[in-house]
Protein chains: 2
Amino acid sequence: MTLTERDKKYIWHPLKQHQTHPESLGIVKAKGVMLTDEHGNEYIDAISSWYTCMFGHCNDYIINKVHAQMQQLDQVMFSDFTHPAAVELSEKLIAILPKNQSKIFFNDNGSTAVESAIKMALQYYFNTGEKRTAFIAFENGFHGDTFGAMSASGLSVYNGPFEDFLIDVQRIPTPNGKNHNEILRQLEEIVIHNNVAAFIYEPIVQGAAGMKIHDINGVDEILQFCKNHEIITIADEVMTGFGKTGKNFASEYMETKPDIICLSKALTGGMVPMAITSCTQKIYDAFLSNDIAKGYFHCHTYSANPIGCAAAIASIELLQSEEIKTNIKRISKAHKEFSEKIASHKKVKSTRQIGVIFALDLNTNTERYGSLRDILLSSFMKEGIFLRPLGNTIYIQVPYIITMEQLDKIYNTIEKILDNLL
Amino acid sequence: MTLTERDKKYIWHPLKQHQTHPESLGIVKAKGVMLTDEHGNEYIDAISSWYTCMFGHCNDYIINKVHAQMQQLDQVMFSDFTHPAAVELSEKLIAILPKNQSKIFFNDNGSTAVESAIKMALQYYFNTGEKRTAFIAFENGFHGDTFGAMSASGLSVYNGPFEDFLIDVQRIPTPNGKNHNEILRQLEEIVIHNNVAAFIYEPIVQGAAGMKIHDINGVDEILQFCKNHEIITIADEVMTGFGKTGKNFASEYMETKPDIICLSKALTGGMVPMAITSCTQKIYDAFLSNDIAKGYFHCHTYSANPIGCAAAIASIELLQSEEIKTNIKRISKAHKEFSEKIASHKKVKSTRQIGVIFALDLNTNTERYGSLRDILLSSFMKEGIFLRPLGNTIYIQVPYIITMEQLDKIYNTIEKILDNLL
C-alpha cells in the first residue's frame with residue numbers, strides 16, 4: 001500500500017475537507033530546498049514549509065546541535081528549573097530583538113504565543129487595577145486557531161461554530177498610504193466606546209491574508225496612537241520574524257517599537273515546534289508582587305524544551321552568518337526584478353515584494369479553497385515546485401539557501417503557468 | 001556567572017511569582033532517572049519531569065530514532081502532505097487506543113489538544129444543525145492554559161483576569177463511590193437547562209488537582225448518562241495516557257468509551273512537544289461534506305512534525321516491550337505496599353495509588369503555592385529528590401525504568417521528612 005492509501009485509514013488532516021480532497025501525497029525525504037515524494041519525484045519547497053525551514057531542510061548545522069542536546073539534556077520543568085540552552089537562547093534573542101524587549105517567555109507554537117500575549121495584556125491591566133478588556137486588530141489578520149488566537153484573527157475563514165465564544169475585538173483597516181486619516185478617525189471612535197487593553201497586528205506583512213504588505217508610516221502612526229493611549233502593542237512576528245522582510249524582525253521598519261512580540265515558525269529553523277512571547281520590562285514588572293496571584297500562571301509542559309532551544313540557537317547563529325545575510329540580499333534583489341517584470345503580465349493584477357517575500361494577485365476572483373487554487377497548486381506540483389496559492393494570490397517565500405537556478409525555475413514556471421491560464 | 005544569575009536577566013518563567021521566587025536552579029544534564037545541576041548535585045526525577053520522560057531521560061532508543069528522522073525528513077506541511085512517521089504513528093496508536101477510536105488529529109501540546117476537542121464537539125453539532133454549545137466538566141479539573149482549555153478547567157488557581165472570556169461550562173463533583181445519586185441528579189438538572197455539546201474529564205485521575213483518584217463505576221455511570229443524552233465525551237488523557245495507571249490508557253478501566261481522547265506529555269517520551277486528539281468515525285464523518293466549510297479548519301504549522309512522530313513511535317515501542325510492562329507492575333506493587341505502610345503515619349491524612357501514581361495528603365492545610373509547599377520542595381531537593389508537592393499533597397510518578405534502590409530512597413526520604421515535620 002502507498003503512504004497515501006495508508007494515510008486515509010486513520011489520519012485527519014488540518015485545513016482539509018476530506019470528502020472533496022481525500023488524497024495526501026506522501027513525502028519521504030527533505031534536504032536543502034528539495035522535497036522528495038514516495039514515487040521519487042522532487043519538488044522545490046518554494047514556501048519553506050510554511051516559512052519554517054529558512055536555512056534549508058535537514059540542515060546539518062542544526063542537526064548536530066540538536067543531536068548533542070538530546071544526549072545531554074532532553075527535557076526539564078521550566079516552572080522550577082533553568083538550563084544552559086534556554087539561557088543562551090534568551091541572550092541571543094535579546095541581542096537581536098528591538099532594544100525595548102527585555103524578557104523572554106516560552107511557548108510551543110504561534111497560537112499559544114498569541115494566547116500568552118493576550119493574557120499578559122489582560123492581566124497587566126488587571127494587576128494595575130485598571131479595567132481594560134477590549135482589543136484592536138486589523139481586518140483579515142491571522143493569529144492562530146485556539147480560542148484566544150481565533151478571537152484576534154479577522155480572517156475568519158470558517159469560524160462560524162465558534163463565534164459565540166470569542167474575545168471582544170474591534171477591527172481597523174490596514175494602512176495603504178491613503179487611508180491614514182480614516183484609520184485614526186476609527187481609532188478615536190474605538191477608544192471612546194471601549195476600554196482597550198491592546199492592539200495586536202502582523203507588522204507590515206499579513207501572511208495568511210495573502211502576503212498583503214502595509215504602508216510602513218501608516219503602521220507607525222497606529223503604534224504611536226496606541227502609545228499615546230497606553231494601549232499595549234502586540235507584534236505577531238510568527239511569520240515575519242528571522243530575516244524574511246530583509247531585516248531580522250519586521251518591527252525594525254517602524255520607529256515605534258511594540259511592547260510584546262510573538263515568535264515561532266523559523267525560530268527553530270523548521271526542526272521542532274517552539275514559540276516565544278517577548279516583552280518590555282514594564283510589562284514584566286506589572287506581574288512582580290508579594291501577592292503570588294499577580295504572577296503569570298500560564299504554562300505548557302514542554303516550555304523551553306531544550307531540544308527546541310538548541311535548534312533555535314543554531315538557527316540564530318545561521319541567521320547572523322555573512323552567508324545568510326548575503327543570500328537574503330541576493331533573493332530580495334532577484335524578487336524585486338521579477339516583481340517588476342511579471343507586473344505587466346496580462347493575467348496579473350498587482351505584485352508586491354519585501355525581503356524574500358514575493359506575491360502577485362491574479363486578475364480573476366477565486367475562493368480561498370476554490371477550484372482555481374486547486375488547479376494552480378497541482379500545475380506547480382507537476383512542474384516540480386511546491387507553491388500553495390491563497391485564493392487568487394500566488395506567493396513565494398523561499399529558503400535563504402536557494403540557488404539562482406532554482407529561483408529562476410520558480411519564476412519561469414510561474415510565467416509559464418500564467419501564460420497557459422485560460 | 002552561574003546559570004541562575006544569567007537566567008534572571010532575561011527569562012520569565014511560567015507558574016512563578018518572580019518577586020518571591022527569584023531563583024531558578026540550573027540543570028545541565030539528565031540521564032535515566034537522574035537530573036544533574038550546575039554544581040554537580042544529582043536528583044532523582046520522581047515526577048518524570050511532569051509525567052513526560054517515562055522511559056528515562058535521554059533514552060538512547062528514542063534518541064537514535066529521532067536522529068535518523070532528523071537526517072531524513074525534518075518538517076513538511078501536514079495540510080497538504082503526509083509522511084511515513086505520521087502514518088506509522090497513527091497505525092501504532094489506533095492499535096492500542098480503545099477500539100472505538102478511528103481517527104488521529106495532530107496538535108502541539110495538551111492545551112491545543114483540548115482546544116481541538118472542544119472545537120470538534122462544537123462544530124460536530126454546528127454541522128449537524130443542532131444547537132448545542134454548553135459543556136460539562138468536573139470541579140477542579142485541569143485541561144490547559146489557552147482560553148478554550150482554561151474554560152474547561154475548574155481548577156482556576158489564578159484565572160481572575162480572564163473569567164469574562166471563557167466558554168459556558170457547568171461543573172459536577174467527581175464520583176467518590178457515595179455521591180452517584182447526587183451527581184446524576186445534577187446532570188439531569190444541567191441537561192434540562194442547557195444544550196450540552198460535550199463532557200470533558202480526566203479519566204480516573206485528576207492530575208493538577210493533586211492526583212485525586214475517582215470511583216471507576218461512578219465515572220462509567222456519568223459516561224453512560226452522556227451517551228444516553230448524545231453528549232460527546234472527551235477524555236483528557238494528557239496526564240494519564242501511556243501506561244501510568246497500569247493500563248495503556250485510563251479509559252480502559254471504564255466500560256463506556258469516550259468519543260474523543262486528548263494525548264500529549266509521555267506521547268513523545270519527554271523529547272519534544274506533540275499532542276494528539278483522536279476520535280470516533282462518527283465524529284469524523286460529521287465533517288465530511290461537499291461543502292468545504294464543514295471541514296475542520298484548525299491547524300498548527302508543525303502539526304505531525306516528523307521529529308515528534310519519530311519520538312512517539314519509539315516511545316510506543318518501548319511501552320509495549322515486556323521490560324516496561326514488567327517494570328510498571330513492579331512499581332505499582334511497591335507503591336501499593338508503601339501506600340499501606342505510610343497511611344498510618346501521624347502526619348498523613350490519606351493515601352491513594354493506581355499504577356505508577358502514588359499520592360498522600362498531609363493532615364495540615366496549605367495553599368497551593370504556600371510556604372509549607374516551598375519547605376517540602378526544598379527539603380526533598382536537599383535529599384537529592386525532585387518531588388513537587390501540590391498544596392498539601394505529595395505525589396510520586398516515577399519513570400518506568402527506576403530501580404528498586406532509587407524507589408526505596410524516595411519512600412525513605414518521604415518518611416524521614418514527614419517524621420521531621422513540625
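Order of the sequence lines fixes the chain letters, A, B, ..., with proteins taken first and strands second; residue numbering starts at 1 for each chain.
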What part of Asp37(B) gets within 4.5 angstrom of chain A, counting heavy atoms only: side chain, backbone, both, or neither? neither

Which heavy atom in Arg373(A) sits nearest to a heavy atom in Asp80(B), and how many Å separate them? NH2-OD2, 4.3 Å

Determine whether a donor-acceptor pair (N or O, by modelled atom type, separation under 3.5 Å) exists between the side chain of Asp74(B) and the backbone of Cys58(A). yes

Does any heavy atom of chain B fall under 4.5 Å from the side chain of Met1(A), the backbone, both, or neither of them? neither

Between Thr82(B) and Ser24(A), the two heavy atoms sitting closest are CG2-O, 3.5 Å

Between Pro273(A) and Thr301(B), is any pair of side-chain heavy atoms under 4.5 Å apart? no

Could you look at Ala86(B) and say if it's the side chain, the backbone, both or neither that has a heavy atom under 4.5 Å from chain A? both

Tell me, out of Ser303(B), Gly308(B), Ser102(B), who's got the most heavy-atom pairs with chain A below 4.5 Å. Ser102(B)

Taking every heavy-atom pair that is under 4.5 Å apart, which of Asp45(B), Asp108(B), Ile62(B), Thr277(B) has the most such pairs with chain A? Asp108(B)

Nearest heavy-atom contact between Leu15(B) and Cys299(A) is CG-CB, 3.5 Å

Tell me which of these, Arg6(B), Lys31(B), His83(B), has more heavy-atom pairs under 4.5 Å with chain A than the rest. Arg6(B)

In terms of heavy-atom proximity below 4.5 Å to chain A, should Ser90(B) be classed as side chain, backbone, both, or neither? both

Engaged part of Asn305(A) at the chain B interface, taking heavy atoms whose separation is under 4.5 Å: side chain

Any side-chain to backbone donor/acceptor pair from Gln19(B) onto Asp285(A)? Under 3.5 Å, distance only. no

Check whether Tyr302(A) gets within reach of chain B through its side chain, its backbone, both or neither, counting any heavy atom under 4.5 Å. side chain

When heavy-atom pairs shorter than 4.5 Å are enumerated against chain B, which of Asn290(A), Val272(A), Thr268(A), Leu122(A) gives the highest number? Val272(A)

Of the listed Met77(B), Glu115(B), Gln75(B), His18(B), the one with the largest count of heavy-atom pairs under 4.5 Å with chain A is Met77(B)

Measuring heavy-atom distances to chain B, does Ile94(A) have an atom under 4.5 Å in its side chain, in its backbone, in both, or in neither? side chain

So which residue, Thr20(B), Asn127(B), Ile167(B), ends up with the most heavy-atom pairs under 4.5 Å with chain A? Ile167(B)

Against chain A, label Lys103(B) side chain, backbone, both or neither, depending on which of its atoms sit under 4.5 Å from a heavy atom there. both

Roughly how far apart are Gln17(A) CD and Lys294(B) NZ, rounded to 0.5 Å? 9.5 Å

With Phe81(A), the ring-ring contact (aromatic ring centres under 6.0 Å, His included) member among Tyr43(B), Trp50(B), Phe386(B): Phe386(B)

With a 4.5 angstrom heavy-atom cut-off, is it the side chain or the backbone of Ile307(B) that approaches chain A, or both, or neither? side chain

Out of Met274(A), Gln281(A), His57(A), which one racks up the most heavy-atom pairs below 4.5 Å with chain B? His57(A)

Side chain, backbone, both or neither: which part of Thr133(A) has an atom under 4.5 Å from a heavy atom of chain B? both

Indicate yes or no: at least one non-hydrogen side-chain atom of His300(A) is less than 4.5 angstrom from one of Pro14(B). no

When only pairs under 4.5 Å are counted, which of Ala85(B), Ser79(B), Ser278(B), Gly26(B) shares the most heavy-atom pairs with chain A? Ser79(B)

Between Gln72(B) and Val28(A), is there a donor-acceptor pair closer than 3.5 Å when you use the side chain of the first and the backbone of the second? yes

Nearest-0.5 Å distance, CD of residue Gln69(A) to CD1 of residue Ile63(B): 10.5 Å

Glu88(A), Gln71(A), Glu23(A): which one forms the most heavy-atom pairs within less than 4.5 Å of chain B? Gln71(A)

Between Glu91(B) and chain A, with a heavy-atom cut-off of 4.5 Å, which part of the residue counts as in contact: side chain, backbone, both or neither? both

Under a 4.5 Å heavy-atom cutoff, which of Ile104(A), Leu35(A), Leu93(A) has the most pairs with chain B? Ile104(A)

Side chain / backbone / both / neither for Ile118(B) at chain A, heavy atoms under 4.5 Å: side chain

Under 4.5 Å to a heavy atom of chain B? For Met239(A) that would be neither

Under 4.5 Å to a heavy atom of chain B? For Asp291(A) that would be backbone

Below 4.5 Å from any heavy atom of chain B, which atoms of Ile47(A) appear? Answer side chain, backbone, both or neither. side chain

Classify the ring geometry of His67(B) against His67(A): parallel below 30°, tilted from 30° to 60°, perpendicular beyond 60°. parallel

Turns out that what part of Lys8(A) lies under 4.5 Å from chain B's heavy atoms comes down to backbone

Would you say the side chain of Trp12(B) lies within less than 4.5 Å of the side chain of Cys279(A), judging by non-hydrogen atoms? yes

Between His13(A) (side chain) and Phe78(B) (backbone), is there a donor-acceptor pair under 3.5 Å? yes

Approximate separation, where rounding is to 0.5 Å, of Ile11(A) CD1 and Phe106(B) CZ: 5.0 Å

